[in-house]
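All heavy atoms count here, side chains included; hydrogens, waters and symmetry mates do not. Since the model is a prediction, treat every value here as computed from it, not as a measurement.
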Amino acid sequence: MAGSAHGHTPAAWTGVIISFIGFCIAGVFMVAANVPAFWAGVGVIVLGGIVGGAMKVAGLGMPKESAAVTAAREAATATVRARA
């Protein structure tokens, strides 16, 4: 499975890491009863989604599959199923 792509791209990793940091910030300040800092953490979570999306648009996300790639995958799947 090392050769297959499951969405582990720089855009995905960056967005998730930024959102995780925001989640940690919001969690700490929710327990500390600091409402403005909690909402700042929520803002960091939203920022993670925006940064990840911007990186995807910039070409660091999953590439779109062409019709030829889709057809080749379907043909290979049909061949494997026919053998079984």
Side-chain angles (χ1 to χ4, degrees):
M1 300 253 307
S4 62
H6 296 285
H8 302 293
T9 64
W13 276 106
T14 304
V16 167
I17 289 170
I18 292 172
S19 295
F20 178 71
I21 291 169
F23 177 79
C24 291
I25 292 169
V28 166
F29 287 112
M30 180 174 58
V31 172
N34 188 338
V35 176
F38 165 78
W39 285 109
V42 172
V44 173
I45 294 170
V46 172
L47 179 67
I50 292 170
V51 169
M55 288 178 70
K56 180 180 177 184
V57 170
L60 295 171
M62 290 287 289
K64 301 258 186 211
E65 289 186 349
S66 66
V69 171
T70 304
R73 180 182 305 113
E74 290 173 1
T77 303
T79 303
V80 169
R81 287 186 180 160
R83 290 182 195 171

Which side-chain N or O atoms in residues 30-58 pair as donor and acceptor under 3.5 Å with protein atoms at least two apart or in another chain?
from: Asn34; atom 1: OD1; to: Ala37; atom 2: N; distance (Å): 3.4

Can you name the residues that form a side-chain contact (heavy atoms from CB on, under 4.5 Å) with Thr77, not counting sequence neighbours?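 Here the qualifying residues are Arg73, Arg81.
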
Co-members of Phe20 in a cluster of I, L, V, M, F, W and Y side chains, linked at under 4.5 Å: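 Result for Phe20 is none, singleton.
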
